[in-house]
Colleague: 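Got a structure for you, written out below as structure tokens; questions coming shortly.
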Protein chains: 4
Amino acid sequence: MTEERRRRVPRRIREQQIIDVAVRVFSKRGYHAASVDEIAELAGISKPMVYLYLESKEGLFIACLRREADRLVRAFQDAAREAGRPDERLHAGLRAFFAFVAEHRDGWVVLYRQASELSESIAREVALARRAVLSQVAGLVRDGVREEGGDGRVQLREEDADFVAYSLVGAADSLTDWTERHPGQSPDGVALRLMNMVWVGMERVLRGETWSPEHG
Amino acid sequence: MTEERRRRVPRRIREQQIIDVAVRVFSKRGYHAASVDEIAELAGISKPMVYLYLESKEGLFIACLRREADRLVRAFQDAAREAGRPDERLHAGLRAFFAFVAEHRDGWVVLYRQASELSESIAREVALARRAVLSQVAGLVRDGVREEGGDGRVQLREEDADFVAYSLVGAADSLTDWTERHPGQSPDGVALRLMNMVWVGMERVLRGETWSPEHG
Amino acid sequence: MTEERRRRVPRRIREQQIIDVAVRVFSKRGYHAASVDEIAELAGISKPMVYLYLESKEGLFIACLRREADRLVRAFQDAAREAGRPDERLHAGLRAFFAFVAEHRDGWVVLYRQASELSESIAREVALARRAVLSQVAGLVRDGVREEGGDGRVQLREEDADFVAYSLVGAADSLTDWTERHPGQSPDGVALRLMNMVWVGMERVLRGETWSPEHG
Amino acid sequence: MTEERRRRVPRRIREQQIIDVAVRVFSKRGYHAASVDEIAELAGISKPMVYLYLESKEGLFIACLRREADRLVRAFQDAAREAGRPDERLHAGLRAFFAFVAEHRDGWVVLYRQASELSESIAREVALARRAVLSQVAGLVRDGVREEGGDGRVQLREEDADFVAYSLVGAADSLTDWTERHPGQSPDGVALRLMNMVWVGMERVLRGETWSPEHG
DNA sequence: CATGAATGAGTTTTCATTCAT
DNA sequence: GATGAATGAAAACTCATTCAT
């Protein structure tokens, strides 16, 4: 209604505006409960425009998915590039993650909290997006240890790195809820705590000091 | 249609049959995408029976939620009761968890993978159910460390136990996906691995050997 | 559940119990919104019994209709029998009406406030029941005037008596609502007031003193 | 299907078309028995349009209610404005009423024959609409008598005017049925008759010539 | 006499999607 | 580039009614 809105806006920008709104709505309501109507209204345009630009509800959701996954992957990469030592790299990655979630809660929810409810084609995209995130983490874990591996330590196999990556991402996701119940905690504080819990253990395990049910 | 199906079944049994089916369907499709029609058909009865016994779609979902949460909580308790040392107790808990998920995948999905899409009243129930699970884990963590605390170690504060519990549940949930990509792994194997990664680190951290960005 | 209810009750009595409840429910909810479920439950029996005794929802409603119409017609007749002069007869009829409504509000509602919503066969019954009530009133009006007619007055034709009867019943029904807004008023007071408004006019009109737009 | 129907119709007009049809259907079937399906079909559009424009079945019904009440109230006001003497005013009002019902039978039924079956929120609206109608009539009665009151007559109290209004509206409503059984009668004829029956009596009563059981 | 178990058919309502302008 | 008008399809839920016991 306002002049601002009525002004003809170039396609690229409109698309981003729509996706911005869509991420919020998909995050709040979940894929199925979200309605294109609401998204169009909040974006200040008519439904046909949404369909013109994004093709379908699925197309819109996939666009959201990709953009948020890209942003998070980039955040990981930027963090890893700046840090030096392997452990610092992982720590930087975790910090980047919690910072991302703190700032883009909705994006994370769209990426990781859309349940089983999705159609075949969307499920594929979700899998891809999550895989991209997990790869980043697995990379941080694997490369880090590989460098240290020079001195004769037991190296992490692919599978192990993957195991750790899944654990970390799962833990991080869950801590996202923990944070809501402990509002004082800064993203960096959470990252440090998680680092402590995992890295220290990882080091020792790599050195061969494993835990077993029969140990004393 | 078959005689078996047409036979009148007492309420208690029918209710369980309906819930059995519903857990499967809610797990596969998610709350919103699941249709009561499908659940009724798979249960071999008509929709009105579902409404007669379970009140509403929400009521049905909540019944599923509670039953699965109860089962999991009981699995934790049984496991903890049998084990002796604190670390063994946690290990037993983790084993119980992965065993549960291996056997009741659908139940776990209903419990932990229903996303943002839920109505106020359901969200409350979900929160309760998850809280019950987290409490069990936090209990295993806290009590375990408390016993060892006798020898002068730093004790885990409430908050820390909660932090670890959230991490563990999140990691375990995520590893649920990892398992699907590595079909050879037994639930017990996964539990042992996770135990190793976390417990060894926890012990050291409690002893004061923390990790920090500036350390060597 | 209580022994009282469980006791096998002879058909006639059960039927009356069911109709008692049904009148209340039909009155409160209207024919369509009333549910056989609710009626059965309030009557303390199972639905099949309702169907066994009253055949169908329509049958149940018609039974209600007839019983309440009978009661009201009888009330009119009793009143008319006791009174002497024609005007007193009408007055007694009106008093009987308002007394009936005060005591059997639900019955009146079932008789006169079930709207157009009814099926062909019910509509027929409703028409019959209302006709019976109107006949009583028209009788009071007509007979009353006829007696007085002996002295040379203009007699009320069939049509006129009917006109007055419709007016009176409609007014009386409407005053039923007025009474609710003026709780102090006794049924007898209302009857007297209505009598005053109508009878005095009727007398004069019969004598030829009509009102016309052009009169002074 | 025809081109006429397919043509896009602006909202305002469609809304009126829908309401037109809805008044007919609600009148014929009653609120509960009426189905939105039937209304949509008779209006030549699909159900979603009905919901888009009128919100819900309740919303649709309330829209009908308000429109018809407005129309009737306006008819009263127009009639009263034109007439001069108080008795003429009331007579004009009655004529307007019977003319309205003759032309908008369905509207009247929607206004006054929707029984006990209605939900809280609708009941409120119905009460409002009826109150509006009753106020018009009470106004005609009260104001009329007040003017004449100048010459020392007993004035009608609020309560009395209300009593008369309820009686008149109820009688008029009921005569609506009488008319159907006597098709020859013109609305104006009915109005005149009712006027005669009531006004002549009212005048006399105001003058103190009341009827009482004991009079001769 | 009495009932718990069961259902076919219908209701209101919502949604993703498209057409005509 | 933009939108108001329109719909097919499907969802949750309810109800009168009947069987088997």
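Numbers restart at 1 for each chain; the letters A, B, ... are given by sequence-line order, proteins then strands. All heavy atoms count here, side chains included; hydrogens, waters and symmetry mates do not.
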Colleague: Take the protein atom CG of B:Leu54 and the nucleotide atom P of E:dA5, then report the distance between them rounded to whole Å.
Modeller: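 Atom-to-atom, B:Leu54 to E:dA5, this comes out as 14 Å.
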
Colleague: Estimate the overall bend of the helix from E:dA2-F:dT21 to E:dT21-F:dA2 from the end axes over five pairs each, rounded to 10 degrees.
Modeller: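 Overall, the helix from E:dA2-F:dT21 to E:dT21-F:dA2 bends by 20° from one end axis to the other.
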
Colleague: In whole angstrom, give the distance that lies between atom CD of D:Glu41 and atom C1' of F:dT7.
Modeller: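 Rounded to the whole Å, the gap is 14 Å.
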
Colleague: Out of F:dT3, E:dA5, F:dT7, which has the shortest distance to the side chain of A:Met49?
Modeller: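 Ranking F:dT3, E:dA5, F:dT7 by closest atom to the A:Met49 side chain puts F:dT3 first.
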
Colleague: I want to check something: taking the side chain as every heavy atom from C-beta on, are A:Arg67 and A:Val23 in contact at a cut-off of under 4.5 Å?
Modeller: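 Heavy-atom side-chain distance check passes, below 4.5 Å.
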
Colleague: Compare every heavy atom of B:Arg11 with every heavy atom of B:Leu52, then report the nearest pair and how far apart it is.
Modeller: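 In this case the closest contact between B:Leu52 and B:Arg11 is O-NH2, 4.0 Å.
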
Colleague: To the nearest 0.5 Å, how far apart are CZ in B:Arg24 and CZ in B:Arg105?
Modeller: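 Going from CZ on B:Arg24 over to CZ on B:Arg105, the span is 15.5 Å.
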
Colleague: Can you check the A:Arg29 CZ to E:dT14 P distance for me, whole Å?
Modeller: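 Distance check: A:Arg29 CZ to E:dT14 P gives 13 Å.
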
Colleague: State, to 0.1 Å, how close B:Tyr51 and B:Lys57 come at their nearest heavy-atom pair, and which atoms those are.
Modeller: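 Heavy atoms of B:Tyr51 and B:Lys57 come nearest at CE2-N, 4.3 Å.
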
Colleague: Looking for any heavy atom pair under 4.0 Å, which part of the strands does D:Arg11 touch: base, sugar-phosphate only, or nothing?
Modeller: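 Contact class for D:Arg11: sugar-phosphate only.
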
Colleague: Whether B:Tyr53 contacts E:dA5 is assessed here as follows: a side-chain N or O lying under 4.0 Å from the phosphate OP1 or OP2. Is that the case?
Modeller: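 Affirmative; the distance criterion is met.
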
Colleague: First locate atom NE2 of C:His104, then atom CZ of C:Arg71, and finally report the distance between them rounded to the nearest 0.5 Å.
Modeller: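 C:His104 NE2 to C:Arg71 CZ: 4.5 Å, rounded to 0.5 Å.
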
Colleague: Between atom CZ in A:Arg12 and atom C1' in F:dG1, what is the gap in whole Å?
Modeller: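 It works out to 16 Å between those atoms.
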
Colleague: Check side chain to side chain contact (heavy atoms under 4.5 Å, CB included) between B:Asp37 and all other residues, then give those that pass, not counting sequence neighbours.
Modeller: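 Result, side chain to side chain contact (heavy atoms under 4.5 Å, CB included) vs B:Asp37: B:Ser35, B:Lys47.
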
Colleague: To the nearest Å, how far apart are D:Leu60 CG and E:dT13 C1'?
Modeller: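 Atom-to-atom, D:Leu60 to E:dT13, this comes out as 14 Å.
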
Colleague: I need the CG-C1' distance between D:Leu52 and E:dA16, as an integer number of Å.
Modeller: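 Checked: the CG to C1' distance equals 14 Å.
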
Colleague: Tell me, yes or no, whether the heavy-atom count around D:Arg66 atom CZ, taken from other residues, nucleotides or ligands under 6.0 Å, exceeds 12.
Modeller: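 No, the 6.0 Å shell around CZ holds no more than 12 heavy atoms from other groups.
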
Colleague: How many whole angstroms separate atom CD of D:Glu38 from atom C1' of E:dT12?
Modeller: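 The answer, rounded to whole Å, is 15 Å.
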
Colleague: Rounded off to whole Å, could you give me the CD1-to-P distance for the B:Ile13 and E:dA6 pair?
Modeller: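 Rounding to the nearest Å, CD1 of B:Ile13 and P of E:dA6 are 10 Å apart.
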
Colleague: Other residues, nucleotides and ligands only: do more than 12 of their heavy atoms fall within 6.0 Å of CD on D:Gln16?
Modeller: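 Correct, the count exceeds 12.
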
Colleague: Can you give one letter per nucleotide of nucleotides 14-21 of chain F, going 5' to 3': B for a protein heavy atom under 4.0 Å from the base, S for sugar-phosphate only, - for none?
Modeller: BBSBBBS-

Colleague: For the residue pair C:Glu15 and C:Arg12, establish whether any side-chain heavy-atom pair is separated by less than 4.5 Å.
Modeller: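 Of all side-chain heavy-atom pairs linking C:Arg12 with C:Glu15, at least one is under 4.5 Å.
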
Colleague: OP1 or OP2 of E:dA2 less than 4.0 angstrom from a side-chain nitrogen or oxygen of C:Arg14, does that happen here?
Modeller: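 Looking at the OP1 and OP2 atoms of E:dA2, one of them is under 4.0 Å from a side-chain N or O of C:Arg14.
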
